[in-house]
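Every value quoted in this text rests on a predicted model; they were computed, and no experiment measured them.
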Amino acid sequence: MRLVVLGGHDRLKSKVEEMAKRYRLSVKFINQETQQNIDSALACADWVIIFTSLSGHNMVKLAKKYAKDRCIFCNSHGVCSLEKKVKELVNGVK
């Protein structure tokens, strides 16, 4: 499963990579500083998890444009919230 995590602090990237290994996912972490190739990453993703409080309006618009109904909005921005959403996806619950 290909997952894009949109928004978040730089220190979250290492936690996202650990989680990807644990759940055997292909994860791309994109925040304000790492927006290169965001269009292709969003278009190829199975799911996009968006940290609403840490994503700019333009990033959210792009996610809605490319991923449409594959967007999952997360109001809190911690590792626990992300892992909860990932577990739901892996277990087939949206």
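For the residue pair Glu83 and Arg22, the shortest heavy atom distance occurs at OE2-NH2, 3.2 Å. Residues Gly7 and Met59 share a closest heavy-atom pair of N-CE, 4.1 Å. Between Met1 and Asp46, the shortest heavy-atom distance links the atoms CA-OD2, 3.3 Å. Across all their heavy atoms, Arg70 and Leu42 have their closest contact at NH2-O, 3.9 Å. Taking each heavy atom of Asp69 and Trp47 in turn, the nearest pair found is O-CZ3, 4.0 Å.
With sequence neighbours excluded, no residue satisfies side-chain hydrogen bond (donor to acceptor under 3.5 Å, both in side chains) with Glu18. For Thr52, the side-chain contact (heavy atoms from CB on, under 4.5 Å) partners at least two apart in sequence or on another chain are Phe73, Asn75. Legend: residues meeting side-chain hydrogen bond (donor to acceptor under 3.5 Å, both in side chains) with Asp10, ordered by chain and number and at least two apart, are Asn31. Looking at residues two or more places apart in sequence or on another chain, you find no side-chain hydrogen bond (donor to acceptor under 3.5 Å, both in side chains) involving Arg2. Not counting sequence neighbours, the partners of Ser81 by the side-chain hydrogen bond (donor to acceptor under 3.5 Å, both in side chains) test are Ser76. Under the side-chain contact (heavy atoms from CB on, under 4.5 Å) criterion, Lys13 pairs with Glu17, Phe29, not counting sequence neighbours. In terms of the side-chain contact (heavy atoms from CB on, under 4.5 Å) criterion, residue partners of Ala45 (sequence neighbours excluded) are, by chain and number, Val4, Val48.
The CG atom of Leu3 lies 9.5 Å from the CE atom of Met19; values are rounded to the nearest 0.5 Å. Going from atom SG of Cys74 over to atom CD1 of Ile49 covers 7.0 Å, rounded to the nearest 0.5 Å. We find the CG-CG distance between Leu25 and Leu89 to be 8.5 Å, quoted to the nearest 0.5 Å.
When hydrophobic clusters are built by joining Ile, Leu, Val, Met, Phe, Trp and Tyr residues whose side-chain heavy atoms come closer than 4.5 Å, directly or via intermediates, Val86 is grouped together with Val16. One hydrophobic cluster, built from ILVMFWY side chains closer than 4.5 Å, holds both Val79 and Val90. Put simply, Leu6 and Val27 are part of two different groups of oily side chains (I, L, V, M, F, W, Y) that touch within less than 4.5 Å, one to the next. Clustering ILVMFWY residues whenever any of their side-chain heavy atoms sit less than 4.5 angstrom apart, transitively, puts Ile72 in the very cluster that holds Leu12.
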Chi angles and distances behind the side chain to side chain contact (heavy atoms under 4.5 Å, CB included) call for Lys87, Lys84: CA-CA 5 Å; Lys87 282 181 182 178; Lys84 181 181 175 187; 5.8 Å; no

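Note on residues 57-66: no pairs pass side-chain hydrogen bond (donor to acceptor under 3.5 Å, both in side chains), not counting sequence neighbours.
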